[in-house]
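The block underneath contains the structure these notes are about, expressed in structure tokens.
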Amino acid sequence: MRHLDLDGFPRLGRIGLGTWQFGSREWGYGDAYASVTARALVGRALELGVTLFDTAEMYGWGRSERILGEALGSDATRVVVATKFLPVVPVARVVKARAYASLDRLGVDRISLYQAHFPNPLFGMDTTMQGLAELQDEKVVDEIGVSNYDLARWRRAEHALGGRVLSDQVEFSLAKPQALDDLVPWAEANGRLIIAYSPLAQGLLGCRYDAYNPPSGFRARGKLFRPENLRRAQPLLELLQEIAAAHGATPAQVALAWTLHRGPVVAIPGASGIEQLEQNVAAAELQLAEDEYAALTAQARAFAPEPHRRGPISFRASRHSPSHE
């Protein structure tokens with residue numbers, strides 16, 4: 001697998017493993033997924049050279065961290081284990097208590113990358129960063145990251161921390177390419193990292209669904225899978241299929257290769273099984289031609305999904321927002 005090197009941080013495989021679905025019922029994978037499949041996925045990911053495993057305290061309300069920690073075992077010391085805290089009240093004592101709880105669930109002595117899961121506009125950045133700085137000083141966490149921050153907030157976080165905030169984990173895919181505008185260039189210019197969650201847009205970019213074959217279950221609730229948006233996505237999906245056929249690859253692999261084509265980006269798709277994991281990892285070796293990348297980027301920017309028609313979302317209700325497929 002191709003790798004990414006950042007100063008003072010372990011080498012990262014360009015494809016990581018997102019583990020929101022470990023212990024979470026939303027995906028509908030069943031109890032056997034948590035007890036058997038998730039552990040098998042971690043073992044196979046290690047064999048394939050995956051070095052970044054991403055979880056969060058709110059995935060399955062701690063179950064994801066426990067499952068990941070048990071599956072990694074002693075191998076946790078040779079990979080990057082990243083987790084996130086929910087910054088509802090991000091004062092130092094709360095942030096530190098949550099970090100120690102994550103340490104216990106993961107079964108590790110240190111957290112490689114500890115991330116604020118969302119910005120909380122009700123608290124100043126100095127408040128959010130204070131506890132993180134103390135955890136770093138106490139060598140409980142190696143690096144600090146953020147998630148779902150725009151560039152201005154990311155830079156304010158660095159100023160408040162008084163040091164580098166290594167990464168920003170954001171939704172980034174052909175269905176949501178906006179990180180190309182500022183986050184990716186800034187990260188590249190400053191030795192930082194973009195962690196791309198939902199790089200397959202919850203399965204949309206696998207080209208399995210269209211307006212005549214919509215998904216069922218959890219995915220059906222997503223705005224991308226509304227009939228109108230499936231119709232709007234058709235030109236992008238057709239181009240994905242065309243380029244995939246030219247490379248002897250799957251559309252999902254092309255979508256992942258596009259995400260990795262520019263800048264210091266690591267993608268963290270989830271996987272429903274071993275075959276999907278292997279296909280995801282293989283995408284790190286797929287090199288798109290510049291004209292293919294440009295054509296995909298143009299279609300990505302042209303895709304304008306119709307938003308949900310619903311009322312404001314509260315901060316608490318945002319817990320289901322991230323997706324790692």
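The figures that follow rest on heavy atoms only: side chains count, while hydrogens, waters and symmetry mates do not.
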What do the steps show when you test Q169 against H117 for side-chain hydrogen bond (donor to acceptor under 3.5 Å, both in side chains), and what is the final call? CA-CA 8 Å; Q169 184 176 144; H117 209 147; 5.9 Å; no
Go through the structure and list residues passing side-chain hydrogen bond (donor to acceptor under 3.5 Å, both in side chains) with R301, not counting sequence neighbours.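 Scan of R301 (side-chain hydrogen bond (donor to acceptor under 3.5 Å, both in side chains), adjacent residues dropped) gives D181.
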Between the side chain of [X] and the main-chain N/O of [Y], is any donor-acceptor distance below 3.5 Å?
{"X": "N120", "Y": "V89", "result": "no"}
{"X": "S64", "Y": "T19", "result": "yes"}
{"X": "E158", "Y": "V165", "result": "yes"}
{"X": "K84", "Y": "T55", "result": "yes"}
{"X": "Q115", "Y": "T83", "result": "yes"}
{"X": "N229", "Y": "K223", "result": "yes"}

So for atom [atom1], which belongs to [X], do other residues, nucleotides or ligands contribute more than 12 heavy atoms lying within a distance under 6.0 Å?
{"X": "E275", "atom1": "CD", "result": "no"}
{"X": "D7", "atom1": "CG", "result": "no"}
{"X": "R93", "atom1": "CZ", "result": "no"}
{"X": "H159", "atom1": "NE2", "result": "no"}

For [X] and [Y], which heavy atoms make the closest approach, and how far apart are they?
{"X": "V81", "Y": "L72", "value": "CG2-CD1, 3.8 Å"}
{"X": "A187", "Y": "I194", "value": "CB-CG1, 3.9 Å"}
{"X": "G270", "Y": "N280", "value": "O-ND2, 3.3 Å"}
{"X": "P251", "Y": "A244", "value": "N-CB, 3.6 Å"}
{"X": "F225", "Y": "G203", "value": "CZ-C, 4.3 Å"}
{"X": "R14", "Y": "L4", "value": "CD-CB, 3.8 Å"}

If you define the side chain from C-beta out and look only at heavy atoms, does anything of [X] sit under 4.5 Å from [Y]?
{"X": "L224", "Y": "Y209", "result": "no"}
{"X": "L17", "Y": "F22", "result": "yes"}
{"X": "T259", "Y": "V265", "result": "yes"}
{"X": "L174", "Y": "Q299", "result": "no"}
{"X": "L180", "Y": "F172", "result": "yes"}
{"X": "M1", "Y": "V50", "result": "yes"}
{"X": "P177", "Y": "W258", "result": "yes"}
{"X": "R153", "Y": "V146", "result": "no"}

Stepwise salt bridge (charged side-chain N to carboxylate O under 4.0 Å, His left out) test for D168 and R192: CA-CA 8 Å; D168 192 359; R192 303 295 188 264; over 6 Å; no
E188: what forms a salt bridge (Lys or Arg N to Asp or Glu O under 4.0 Å) with it, not counting sequence neighbours? none
Can we say [X] and [Y] salt-bridge, meaning some charged N sits less than 4.0 Å from an Asp/Glu carboxylate O?
{"X": "E70", "Y": "R63", "value": "no"}
{"X": "E228", "Y": "R232", "value": "yes"}
{"X": "R44", "Y": "E47", "value": "yes"}

Would H247 and E292 count as a side-chain hydrogen bond (donor to acceptor under 3.5 Å, both in side chains) here? Give the steps. CA-CA 11 Å; H247 285 271; E292 293 172 330; 2.8 Å; yes
Should L52 and V80 be marked as a side chain to side chain contact (heavy atoms under 4.5 Å, CB included) after you check the CA-CA gap, both sets of side-chain angles, and the distance that decides it? CA-CA 5 Å; L52 174 62; V80 172; 3.5 Å; yes
Can you measure from [atom1] ([X]) to [atom2] ([Y]) and round to the nearest 0.5 angstrom?
{"X": "F53", "Y": "E65", "atom1": "CZ", "atom2": "CD", "value": "15.0 Å"}
{"X": "S102", "Y": "Y114", "atom1": "OG", "atom2": "OH", "value": "4.5 Å"}
{"X": "R2", "Y": "E285", "atom1": "CZ", "atom2": "CD", "value": "6.5 Å"}
{"X": "L135", "Y": "R110", "atom1": "CG", "atom2": "CZ", "value": "11.5 Å"}

Determine, stepwise, if the pair W20 / Y197 fulfils side chain to side chain contact (heavy atoms under 4.5 Å, CB included). CA-CA 10 Å; W20 177 27; Y197 77 75; over 6 Å; no
If you apply the rule side chain to side chain contact (heavy atoms under 4.5 Å, CB included), what do you find for I67 with Y59, and how did you get there? CA-CA 11 Å; I67 292 167; Y59 296 165; over 6 Å; no
